[in-house]
Number of protein chains: 2
Amino acid sequence: MTKKIAFLKHKAYNMRRWSVIAPAQAGSGHTTTCLSAADIMSVLFFYAMHYDPKNYECPDNDRFILSKGHASPLLYAAWAEVGVLSDEDMLTYRRIDSVLEGHPTLRFAYTEAATGALGVGLSIGVGQALCAKLDNRDFYTYVMLGDGETSEGAIWEAVQLAAHYKLDNLIAVIDCNRLGQTAQTMFGHALKRYEEVFSAFGWETFIVDGHDIQELTDVFDKARKVKNRPVVVIAKTIKGYGVELLADKQGFHGKALKKEQAEQALANLEKKFPQAAAFKADEYSWEPQVPEKCKAPVVIKRSLIRMPKPAYVSKEKIPTRKAFGQALSVLGDECNAVVSLDAEVKNSTFAEIFEAQHPDRFFQCFIAEQNMVGMGIGFDRRGRMPFISTFSAFMSRAHDHIRMAAVGQAKLRLIGSHAGVSIGQDGPSQMGLEDIAMMRCLPESVVLYPCDAVSTYKLVEQMANYEGGISYMRTTRMATPVMYDNAESFPIGGCKVVRQSNKDKVCIIGAGVTLFEALKAHELLGQQNIQVSVIDLYSVKPLDVATVTAIANASGNNIITVEDHYPEGGIGEAVASALRNSNIKIESLAVKRLPRSGKPEELMALANIDADAIVKKVKAIV
Amino acid sequence: MTKKIAFLKHKAYNMRRWSVIAPAQAGSGHTTTCLSAADIMSVLFFYAMHYDPKNYECPDNDRFILSKGHASPLLYAAWAEVGVLSDEDMLTYRRIDSVLEGHPTLRFAYTEAATGALGVGLSIGVGQALCAKLDNRDFYTYVMLGDGETSEGAIWEAVQLAAHYKLDNLIAVIDCNRLGQTAQTMFGHALKRYEEVFSAFGWETFIVDGHDIQELTDVFDKARKVKNRPVVVIAKTIKGYGVELLADKQGFHGKALKKEQAEQALANLEKKFPQAAAFKADEYSWEPQVPEKCKAPVVIKRSLIRMPKPAYVSKEKIPTRKAFGQALSVLGDECNAVVSLDAEVKNSTFAEIFEAQHPDRFFQCFIAEQNMVGMGIGFDRRGRMPFISTFSAFMSRAHDHIRMAAVGQAKLRLIGSHAGVSIGQDGPSQMGLEDIAMMRCLPESVVLYPCDAVSTYKLVEQMANYEGGISYMRTTRMATPVMYDNAESFPIGGCKVVRQSNKDKVCIIGAGVTLFEALKAHELLGQQNIQVSVIDLYSVKPLDVATVTAIANASGNNIITVEDHYPEGGIGEAVASALRNSNIKIESLAVKRLPRSGKPEELMALANIDADAIVKKVKAIV
């Protein structure tokens, strides 16, 4: 055995110790899943990966994503062994004042991706690997998966796309420890099954004994030499490896050892790995393989982005989804960080306008919304600015990935087109009617809903400059007339008072397609000498409480909200919630029943969110 | 050519005509994707499937699911050719008064599954096929997929599970027409690629020319003979087949033909298929292959379910998730329709208690939440009563499937455990903090959130009897004391007033884990002579507005809501929205920032949703 191999075994041994100690100290955590993967981690961190541990953000470092996020003690142990965490740090695992959380989050500066919902990490890796290709960087992205998590469909979305884009800079490792939380995985230890599937999808595969350090080093050497296809290393491991009590036994998933058990386990490890335990740090001098380019410090900067004024013609009819595509294309001119990801609906979302101008920065993600959002997290992490588009209804397919993006504080820009019943004949399956609720309910999120081309254009610029978290824009299928002057500004958190008089009896709040119904109602009511104010609530979150309150106060303290969305979590509830302790009366028109196919105007009438419904409601109030 | 083949070609020809005519008449719809699949549909409906067209609900009929729901004209055309739709019916396609919607919904009585979001149908089929096995029925489930939709991960979840359960009564057909909406699919016409992947996953595969009727009949004959594994028929087709303008051309996806184009297309079809066009109906007498058992009419009934009174001991600490498992097991005794689906967390959700008692009706779905929910739709459609459990956080993974279940009016019973920050050290990725918003925002949904074992038990019974749509129960990780008498009842739409005096200054509304914080606050405030009422809002939707209003009126018109959930779409907004036009002041405590790892009590304090936070808020009011 070479000194190097002995050293790697020693590191694995140390990581196993931490995998016992840290959860035992915390009173919770997943020890067994760490014990299975410790040898792989040792080889990755101290042999395979090229990176500068003193400069984590160096853009040429290889990247490591722990997709099986419950093995967090192992991730922290690896960084402890690298030297960036102290023993004291390790003992803070899962404490409320610690950055070493139960599943990795970005609070720990060496976490590449927040994980914990399974089946997300590989997609993030696909994003990073594609980003490396785009940026002409040589780094590799390593993703460690659990075998259990390969039942998640999101994995196979990522697998297909990685092969499609020939990502030979992406190396996945599956820790095949056979046992899930309560059952054997579907493939168990039949590693050939994984090999066959990955191979069929176009990946290069290596089967390896996940506890044989020498074999692992050989395989990871080979993995870096594969060209034109992504690589998966399928490692046969034993869950709980090294500790008799736990090894290959069901019933210990997510169980931390009690104090005595932990002491026994540590003794057990020492007995099982005597050489690794006895290895002295000075027997081998490890030097990280720092990438050439990293030697000079790299500073990534992104300043305020200003787009040129648009040149829309008043009253011209343009769908906001199309204005989005136009704006994104212009934004792409101004800012080369922008990338566009679309789920095979680019001629519906109009991401195709961006693609036509910036083909190298457009990524066809096919019909796989989860993977698309996961990729977005990867692009964001590597300094790009992803705009991610599909039908608003299908954003729900990626809800968990969006949720995890929020946990990971990724700055995704999401665009959901074809919102609401106003899409018409395609019917309820294609109508985004829950997207506002879904997107409002994310920490630090921004929810925008423009009604015309000018506001869409301006809000794309706002999204580009929003760095606080996830921003979402809802766009409309049908063409709507240009309402605003090209010089108008649309700050996040604002609204527009588009009709106002000194005789207003009610304030009507619309957004997107319902703004025009509100305007029609304004006109119809005006003919009957009933004056109403109208607000365009283009920023649903944050909501401009001050302006809405002031206008409502000047409108008889009456508000009617109108939205092409289900009532719960939508605009009506947002307004009712924001103004709850005022003396303003609020009525809400929304889509209250499952809609159907029909013409847009018929459906809006059926849902009572059209001008007639507004008129009726106003008359019932005044 | 036999008469039978000629007949099948004739039916395919007729369906192609409808695929042109119906969308052209409607002014929208997907013609080209129907033209590619028409021959397959003809063989399925008039050759392969065994069913009684006059008795659709017969439980022994073979089932057909159109997973590529945008090919709806073809589905309707098939049923028109069978004879259950008239020409006049067909011309109502996509009209607001028609059941022939843009994508199939259950409004059309012959739709087996509402589709339109891609990648859902196969999972529904897996549920149906498993249900057939459970019920000892011989019917087959056929699912038609688009090739584009195989990029959806949900497909591969279904593929894995179908192989795991050896569903040889499930036959999928992929209409490989090569072209997606804007791009060639990843595999294009390389049908071998599909074969390799499906085969690696354990399926039997057949490659076939999707326009060769004879070949199709042979393959579907073979498909029914396969044992111990599901079957996929991979059909090479041409998008737009039969119409020159459209055939194999990009740019026509989702485009209905204009009147003149349509006439040209019909002429084109006649020219391309002269024999099929000239075929006379009386040349061949088609008789459906009616399953033996169908000859007697079958009536499925389900009456009101009553569970025996539970026997919980007052103040005993039991997690609501465990009480759910206990209740489900008892429910399983009372009602053999009940099945339990769980995503490899049965010892966390406690579905394992049901499994222990009813192993034949428990289905391990592994870590694949989308497929699990899709399967539930299938079980529901075939008369079973699925209870579907996983962590509440991971319900978000299946959001689109749940949305589609609502579109399909499926009666799913969903159970989300480990809600909120109160789970503690596992951290934000595992905390359900958006599930109430997601579940409230479904038409006809019910959202329940019990605080103790008795209410959990009783609410499981309520869910069993709720047939109006989707019901959701949120359960808690930590143990909570039994609050209620075993005789207490918990109707959907009710609430419990658990503390009340004639001196109340504020009404505190809690639910689940926060109810106990409210009770603690009640006690602490009482010691300072501040009286408050406390409501257990176990039914978040529908919400008991009358009781809440009455108690708030008697509590100084003040409400404080406390919830372990993000503010948007949660309990606070639900209450604020319901009471918007009252004179009641409402303050809400909720999780307003991204949480972290820590002890449950620390996290509840950090989020300001614990007793101390309530006390502080009350004092700020009184």
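Chain letters run A, B, ... following the sequence lines, proteins first, then strands; residues in each count from 1.
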Residue, of B/Val591, B/Val345, B/Thr105, that accumulates the most heavy atom pairs under 4.5 Å with chain A
B/Val345
What part of B/Leu606 gets within 4.5 angstrom of chain A, counting heavy atoms only: side chain, backbone, both, or neither?
side chain
I need the minimum non-hydrogen distance between B/Pro428 and A/Val407, along with the two atoms involved.
CG-CG1, 4.1 Å
Side chain, backbone, both or neither of A/Ala406 within contact of chain B (heavy atoms, under 4.5 Å)
backbone
Side-chain (A/Asn581) to main-chain (B/Ile586) donor-acceptor, under 3.5 angstrom:
yes
Cut-off 4.5 Å, heavy atoms of chain B, and the answer for A/Pro595 is backbone
Nearest 0.5 Å, what's the OG-CD distance between B/Ser199 and A/Glu196?
7.5 Å
Could you give the distance from CD (B/Glu149) to CZ (A/Phe366), rounded to the nearest 0.5 Å?
15.0 Å
Mind ranking B/Ala368, B/Gly427, B/Gly119, B/Gly408 by heavy-atom pairs under 4.5 Å with chain A and telling me who comes out on top?
B/Ala368
Assess the side chains of A/Gln181 and B/Ser348: does a donor N or O sit below 3.5 Å from an acceptor N or O?
yes
I'd like to check A/Ser396 versus B/Arg403 (side-chain heavy atoms, cut-off strictly below 4.5 Å). Are they in contact?
yes
Donor-acceptor side-chain pairing of B/Glu157 and A/Ser151 below 3.5 angstrom:
no
If one checks every heavy atom of A/Lys541 against chain B at 4.5 Å, the contacting part turns out to be side chain
At a 4.5 Å cut-off on heavy atoms, which part of B/Ala117 comes close to chain A: side chain, backbone, both, or neither?
both
Most chain A-contacting option - heavy-atom pairs closer than 4.5 Å, from B/Arg107, B/His30, B/Glu434, B/Glu587:
B/Arg107
Counting heavy-atom pairs under 4.5 angstrom with chain B, the leader among A/Glu444, A/Lys592, A/Arg193, A/Arg593 is A/Arg193
Using heavy-atom distances under 4.5 Å, tell me whether B/Pro104 contacts chain A through its side chain, its backbone, both, or neither.
neither
What part of A/His253 gets closer than 4.5 Å to chain B, counting heavy atoms only: side chain, backbone, both or neither?
neither
Hey, does the side chain of B/Glu101 reach the backbone of A/Ser597 with a donor-acceptor pair shorter than 3.5 angstrom?
yes
Heavy-atom distance under 4.5 Å to chain A: side chain of B/Ala578, backbone, both or neither?
neither
Whether B/His103 side chain and A/Gln430 backbone form a donor-acceptor pair below 3.5 Å:
no
Using heavy-atom distances under 4.5 Å, tell me whether B/Ile436 contacts chain A through its side chain, its backbone, both, or neither.
neither
Find the one option among A/Gly116, A/Gly598, A/Gly424, A/Gly254 whose heavy-atom pairs under 4.5 Å with chain B are most numerous.
A/Gly116
Option in A/Gly180, A/Gly102, A/Ser429, A/Ala154 with maximal non-hydrogen atom pairs under 4.5 Å from chain B:
A/Ser429
Regarding B/Arg596 and A/Ser98, do their side chains bring together a donor and an acceptor under 3.5 Å, going by distance alone?
no
Of the backbone (N, CA, C, O) and the side chain (C-beta and beyond), which part of A/Gln160 lies under 4.5 Å from a heavy atom of chain B, both, or neither?
both
For A/Gln184, is it the side chain, the backbone, both or neither that has a heavy atom under 4.5 Å from a heavy atom of chain B?
backbone
Name the member of B/His399, B/Glu195, B/Lys599 that forms the most heavy-atom pairs with chain A at distances under 4.5 Å.
B/His399
Can you measure from OH (A/Tyr566) to CG (B/Leu442) and round to the nearest 0.5 angstrom?
7.5 Å
A/Ser588 side chain to B/Arg580 side chain, donor-acceptor N/O pair below 3.5 angstrom
yes
Heavy-atom distances under 4.5 Å only: say whether A/Glu369 touches chain B with side chain, backbone, both or neither.
both
Please report the interatomic distance OG1(A/Thr182) to NZ(B/Lys346), rounded to the nearest 0.5 Å.
4.0 Å
Tell me, side chain or backbone of A/Glu352 under 4.5 Å from chain B's heavy atoms, or both, or neither?
neither
B/Arg397 side-chain N/O to A/His401 backbone N/O, donor-acceptor pair under 3.5 Å:
no
Please walk me through it: do B/His565 and A/Cys441 pass side chain to side chain contact (heavy atoms under 4.5 Å, CB included)?
CA-CA 9 Å; B/His565 185 276; A/Cys441 197; 4.0 Å; yes
When heavy-atom pairs shorter than 4.5 Å are enumerated against chain A, which of B/Gly153, B/Ala114, B/Ala158 gives the highest number?
B/Gly153
So CD of B/Glu568 and CD of A/Glu568: to nearest 0.5 Å the spacing works out to 15.0 Å
At what distance, to the nearest 0.5 angstrom, does CZ of A/Phe187 lie from NE2 of B/His164?
11.0 Å
Check each atom of B/Met404 against the heavy atoms of chain A and say whether the ones under 4.5 Å are side chain, backbone, both or neither.
side chain
Could you look at B/Arg95 and say if it's the side chain, the backbone, both or neither that has a heavy atom under 4.5 Å from chain A?
backbone
Report which part of B/Ser28 has an atom under 4.5 Å of a heavy atom belonging to chain A: side chain, backbone, both, or neither.
side chain
Is a side-chain N or O of B/Glu573 found less than 3.5 angstrom from the main chain of A/Gly569, in a donor-acceptor match?
no
Below 4.5 Å from any heavy atom of chain B, which atoms of A/Tyr194 appear? Answer side chain, backbone, both or neither.
neither
Chain A contact via B/Met372 - which portion, at a heavy-atom distance below 4.5 Å
neither
Heavy-atom cut-off 4.5 Å, strictly under: side chain, backbone, both or neither for B/Gln364 against chain A?
side chain
Residue among B/Gln370, B/Met186, B/Met395 with most heavy-atom pairs under 4.5 Å to chain A
B/Met186
Assert top hit (heavy-atom pairs under 4.5 Å, partner chain B, pool A/Gln409, A/Glu602, A/Arg94, A/Lys585) equals A/Arg94
Shorter than 4.5 Å, heavy atoms on both sides: which option in A/Ala437, A/Ala200, A/Ala26 has the most such pairs with chain B?
A/Ala200
